[in-house]
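Got a structure here, written out as structure tokens. Questions coming.
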Amino acid sequence: MTTALTPESLLAVSDVAVTFGGVQALADVSFNLERGEILGIIGPNGAGKTTLFNVVSGLVKDYQGSVALGGIDLRGKSPQRIVGLGLRRTFQNVRLFKSLSVMDTVLAGQHLAIRESVFDSAFRTRRYHRQEGIAVQRAQQALAFVGLGHVAPGDMAASLPYGGQRRLEIARALVGYPKVLMLDEPAAGMNATESRSLGTMIRRIAATGIGVLLVEHDMRVIMSVCDRIVVLNFGRVIAQGTPEQIRSDPAVVRAYLGDEVGA
Amino acid sequence: MRALTLLRATRRPVPSANTKRALRVALVLGTLGFASAPYWLGGSYFPDIWIDMGLWAVIGVGLNVVIGFAGLLDLGYMAFYAIGGYVFANAALYHGFNLWETLPVGAVIALVSSAIIGFPTLRVRGDYLAIMTLGFGGIVYFAAQNLTALTGGVNGLYGWKTPSLLGHPFITPLDFYPFVLALLVLAALVTMHLRTSRIGRAWTCIKDDEIAAAASGIAIVRYKLYAYMLGSVWAGLAGALFAAKEALISPESFTFDASFFAVAIVVLGGMGSISGVIVGGIFYVVIAEWLSAYTGTLSGVIFAALLLLVVLLRPQGLIPYRPTFDRRRLRRYGLPEPPVAADDYRLDP
Amino acid sequence: MSLQELLQQIVNGLVVGSVYGLVALGYTMVYGIVRLINFAQGALFEAGAYLGVAIFGLLGAFATHQPLVGLLIALVLSALLTGGLAYVVERVAYRPLRNAPPLAPLVSSLATFFLIISIIQVITGAQPLNYPQVLSVTPWTIGPVTLAPTSLLIAVVAILLMGGIHFYVQRTKMGKAMRAIAVNRNAAALMGINTTWVVTFTFMLGGAMAAVAGVLFGVEYGSVTYNMGEFYGLVAFTAAVLGGIGNVPGALVGGLTVGVLSSFATIFLPNQWQEAIVFAILILVLALRPQGILGERVAERA
Amino acid sequence: MSLLEVGALVVRYGAIQAVRGVDFALADGECVSLLGANGAGKSSTLKALSGLMRPASGVVHFDGKPVTGLPAHEMARLGVTLVPEGRQVFATLTVRENLELGGFNQPHEHNREDLARVLETFPPLETRLSALAGNLSGGEQQMVVLGRALMSRPRLLMLDEPSLGLAPLVASQIFEVIQSIAASGIAVLLVEQNVHRALGIASRGYVLELGEITAQGSSADLLANEHIRRAYLGHGMGEGE
């Protein structure tokens, strides 16, 4: 299955293959992600989802095929450069900065957007105040967007309850105004109510035009939020389609529940 | 949205405004009183000690950028103190430079040399970094002992013309004291400003979690290098002042022990805490001075034991840094204070 | 510079290098198993050397009449006592920080290092102490080089011990447990290995080897100084890194290399620069080949 | 009497409660399966039972004795052996050394006997005894960790996703071995994503969802139950809530 590079797609993953020490971690993986779309990536443990995330975010550099973001080939670009091109991610086990306040966390997310030199910072020039003012305002917007608008900005990030930390991590990514947002198991550790409100938030994120790549084990979230779903097993795409199609796809059911004995 | 009310974090009880104001006034008066002590105590002993405290406090403030802000263990920090000192001594001795003309040169050379040593160093793993800076400190120490043409060897350099400013010569320690104080205030202010800015946040991110920092677009190695440079420059300036005030510079001020004490000052005072490391520097001089009346080596035992106790029992140091975000900044930037409702805003650059 | 001089320096370098290797062993084993640069190792080396002085002092005339037996007693006792000290260091300064941020154990091992050498300094008053002469000092002349019998004894003891440790790590149950922990501590615990104890034991073994090196060093140079742990600790660390930290044979290779190189430096450079050479090697290795000569024994996690 | 009894077990990672008070039991020689989607709390349960993690609360009895919170090496000495997820061989040690480490607390004679038995069970390992375990294929590594576990003469063998990442044919071989282990009288607690295979081996099963047991019963009952499908593939949000 060969998909031509489609520059009009926001994120185009074409024929990506990765081998780790003789083990084929990914093979022939192709899909596109459009503006405002939510694409779920699912599959049993060890299916290659993390490897795929690492390829797209630039942590795995040795792969075949191509990944393009907004028409720009990502091959050979450092993770930090890819962030600059408009790709942000969250982590499976929340990774917040333990010695930053809630506000500073979201300001740190704007590292690439804030234009102040060391001199501006050291001597608090007018440009410093102007830049910080804009950054704080944007941070407030992002915090409000993820439902943390009422939290005291000076509270420590780590003092938030778990669900709040997940939201803060999303705010830190959103405030970089990404084109593509990759969410790595955002519902892990959440109860049903929390994951439902998380689903609503992901929809609102996509509504702003951001393409969302969602890896998630909580099927309720996946099935209710995603526009399309890509299913991986043993590093290959075994199904691709809408939640309805995926739910009844026999290959998917087999991947999750295993073969009947003797089959 | 009901679940969100659970997200509201609890806060510590706030002391009343009056208590806070009284405390702040007391603190300011106390600090002023302490800082001006050499003037009303008189003599030359006290100004000497106070200059020592000031210089060690500057060392603490500078090294705090490296260790406290960016989380890099630097065991060769005093090398930059040496570099500043020898740059001044050479400029004064052979080129007739005055202290004030040399200070910027010393600062620039400390910056450049820290960039040169930092560039290969900061790519290695965290624990190797400590060793590498230790090796660098060692090389500078041996260079100071043996590059006789530049450093005067073990005897050091001395005998330059007394520095003067606007025709006023600097002879007594009290002449130098205001400049040490000014350097300390500048160092404290600048690093405090850096801490709450783009670069300071980047350092904190790197210290806390390099992977998450990179995911926010922070160039790890470059910002580590900045921390190393912007920390080392203060040692360079302090070293130049130290040489000028002593009218002598020799290798014995830059042994590994001195770098160890610098680390101890930062960890004891409180990593990241500017007031903490200043108090740490003062505390160090008090202990060292007080004990030197009995035995010079006992201060090593006491400081090592204290350092160990602090790491084990109070890792945040004596005066911990409590990061927060000052609400007054919101007012300053004309922004509403929380709660901010989600519907008021669109996410749009 | 003559060929004879060169050969002589190689021999000198190999003798002192074997002692470096023994100290490096402690760094390498502890690093291999818990990924900690144990700064205290240099202080344990110094403590071992000073304990040796004390033991020789207690043996008094006996050591003069039976120098080899005296040396053996000094080696064993100093190793045991320093091993005990290493136990205390591990319990007090390392174990409580097992889950602390990575800076904490580094700083605490640094503090421990400084604490031990400062205490030695306070007790001995910063004066160098003399070591008794163990064997007759008439050196042998072998072809173009001269070699003191003591030096040969030292090299032989050091290299035999390193061989013994290598065998121990490769062949015994405890050694296998150490290597298993180095790869994967949790999986090792699942095998029924008391990982806490194995780590403590590794610290003790490293300390004991440092003590043996300290006594041998004292015998070779005839005296010990209060700050020897500082410089030679760093030399040994350089040796460990050069050989490939975490790698037991690497400690020997690194020790001998550093020994010979710094010995060469005495030919080409003024005496004081010998020490700077070691720092230069350290920085160059870390910058250019941090995995060392024999490569780091880093496991690829499956 | 039960070999293993777990009561109100809670496991937390910081703020996250991974296991929210589960109760279950397992008789001597019985093979029981623990099922559920990723993140349901299966691995955390096994980690707590093996001593790798301290449970936040709850009680665990093994062979009638309280063993809650014992460290991993003591659990292993009691005969509770976990084969962790992702194989985790000692990559830089040889296969023989890996297997010998499995019998760390067994007398030397046992090791010799057991090594022969393990090689009988896994013939491919015979020729690879002196190879470094890290250089083996995934299937061979799984044989090493299973063999390593058998060397400890376990009374309760806990397996965490033994077929993870293995090609179907290799996985089949592994399942056959697990079946024969269970048949030999060793109690087995099996966590496995291949539900049909797992229930084919186990006599009973428990279904975990978000850290709680939501279904249990005989393998036949569970296979017939829509509940399993739901636990893995989910329903739309709002349904069944």
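Sequence lines set the chain letters: A, B, ... in the order given, protein chains first and strands last, and positions in each chain run from 1.
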Note to self: Does any backbone or side-chain atom of A:R172 lie under 4.5 Å from a heavy atom of chain B? Answer side chain, backbone, both or neither.
What the structure shows: side chain
Checklist line | Under 3.5 Å donor-acceptor, A:Q131 side chain and A:I114 backbone | finding: no
Notebook entry, point to check: Between CG of A:L168 and CE of A:M103, what distance do you get to the nearest 0.5 Å?
Noted result: 10.5 Å
Margin query: I'd like to verify something: which residue of A:R130, A:E132, A:K98 has the highest number of heavy-atom pairs under 4.5 Å with chain B?
Written below: A:E132
Margin query: Need one label for B:F325: side chain, backbone, both or neither, based on atoms under 4.5 Å from any heavy atom in chain A.
Written below: both
Check: Between A:L107, A:I134, A:L100, which shows the greatest number of heavy-atom pairs under 4.5 Å with chain B?
Finding: A:L107
Checklist line | Partner of A:E185 under side-chain contact (heavy atoms from CB on, under 4.5 Å), chosen from A:E216, A:K49, A:M190 | finding: A:E216
Next item on the list: Report the option among A:A135, A:G84, A:G176, A:G154 that has the most heavy-atom pairs separated by less than 4.5 Å from atoms of chain B.
Entry: A:G154
Margin query: Under a plain distance cut-off of 3.5 Å, with no hydrogens placed, do A:Y162 and A:R167 share a side-chain donor-acceptor pair?
Written below: no
Check: Can you tell me if CZ on A:R203 sees more than 12 non-hydrogen neighbours from other groups inside 6.0 Å?
Finding: yes
Next item on the list: May I ask you to test the A:F20-A:L26 pair for a side-chain heavy-atom distance under 4.5 Å?
Entry: no
Item checked: Side chain proximity check, A:I205 to A:L174, heavy atoms < 4.5 angstrom -> yes
Item checked: Between A:S101 and B:R322: side-chain donor-acceptor atoms closer than 3.5 Å -> no
Next item on the list: Among A:E116, A:R81, A:Q110, single out the residue with the greatest number of heavy-atom pairs under 4.5 Å to chain B.
Entry: A:E116
Note to self: A quick test of your reading: do over 12 heavy atoms of other residues, nucleotides or ligands sit less than 6.0 Å from CZ of B:R332?
What the structure shows: no
Next item on the list: If the plane angle is over 60° it's perpendicular, under 30° parallel, otherwise tilted; pick one for B:F179 and B:W100.
Entry: tilted
Checklist line | A:P153: which of B:R327, B:R329, B:E337 passes side-chain contact (heavy atoms from CB on, under 4.5 Å) | finding: B:R327
Notebook entry, point to check: Is the backbone N or O of A:L96 less than 3.5 Å from a side-chain atom of A:Q165, with the two atoms forming a donor-acceptor pair by type?
Noted result: no
Item checked: Qualifying residue, where the test is side-chain contact (heavy atoms from CB on, under 4.5 Å) with A:I38 and the options are A:I202, A:I222, A:L33, A:L213 -> A:I202
Item checked: chain B contact residues among residues 85-92 of chain A, heavy-atom distance under 4.5 Å -> A:R88, A:R89, A:F91
Note to self: Using only non-hydrogen atoms and a strict under-4.5 angstrom cutoff, which residues of residues 204-215 of chain B touch chain A?
What the structure shows: B:T204, B:C205, B:K207, B:D208, B:D209, B:I211, B:A212, B:A213, B:A214, B:A215
Check: Any salt bridge between A:E169 and A:R95, counting N to O under 4.0 Å?
Finding: no
Item checked: Neighbours of chain B found in residues 117-126 of chain A - heavy atoms under 4.5 Å -> A:V118, A:S121, A:A122, A:F123, A:R124
Notebook entry, point to check: Do B:R328 and B:D326 sit within salt-bridge range, that is, some charged N less than 4.0 Å from a carboxylate O?
Noted result: yes
Next item on the list: Output the option from A:S57, A:A173, A:S99 having the highest count of non-hydrogen pairs under 4.5 Å with chain B.
Entry: A:S99
Considering only distance and modelled atom types, tabulate donor-acceptor pairs under 3.5 Å from the side chains of residues 228-238 of chain B, sequence neighbours left out.
unit_1 : atom_1 : unit_2 : atom_2 : d
B:S232 : OG     : B:Y228 : O      : 2.5
B:W234 : NE1    : B:L230 : O      : 3.0

Next item on the list: Give, for atom CD1 of B:I220 and atom OH of B:Y223, the distance between the pair rounded to the nearest 0.5 Å.
Entry: 11.0 Å
Margin query: What part of B:R195 gets within 4.5 angstrom of chain A, counting heavy atoms only: side chain, backbone, both, or neither?
Written below: neither
Check: Any idea which of B:L189, B:I199, B:L194 has the most non-hydrogen atom pairs under 4.5 angstrom with chain A?
Finding: B:L194
Item checked: Under 4.5 Å from a heavy atom of chain A, the part of B:T191 involved -> neither
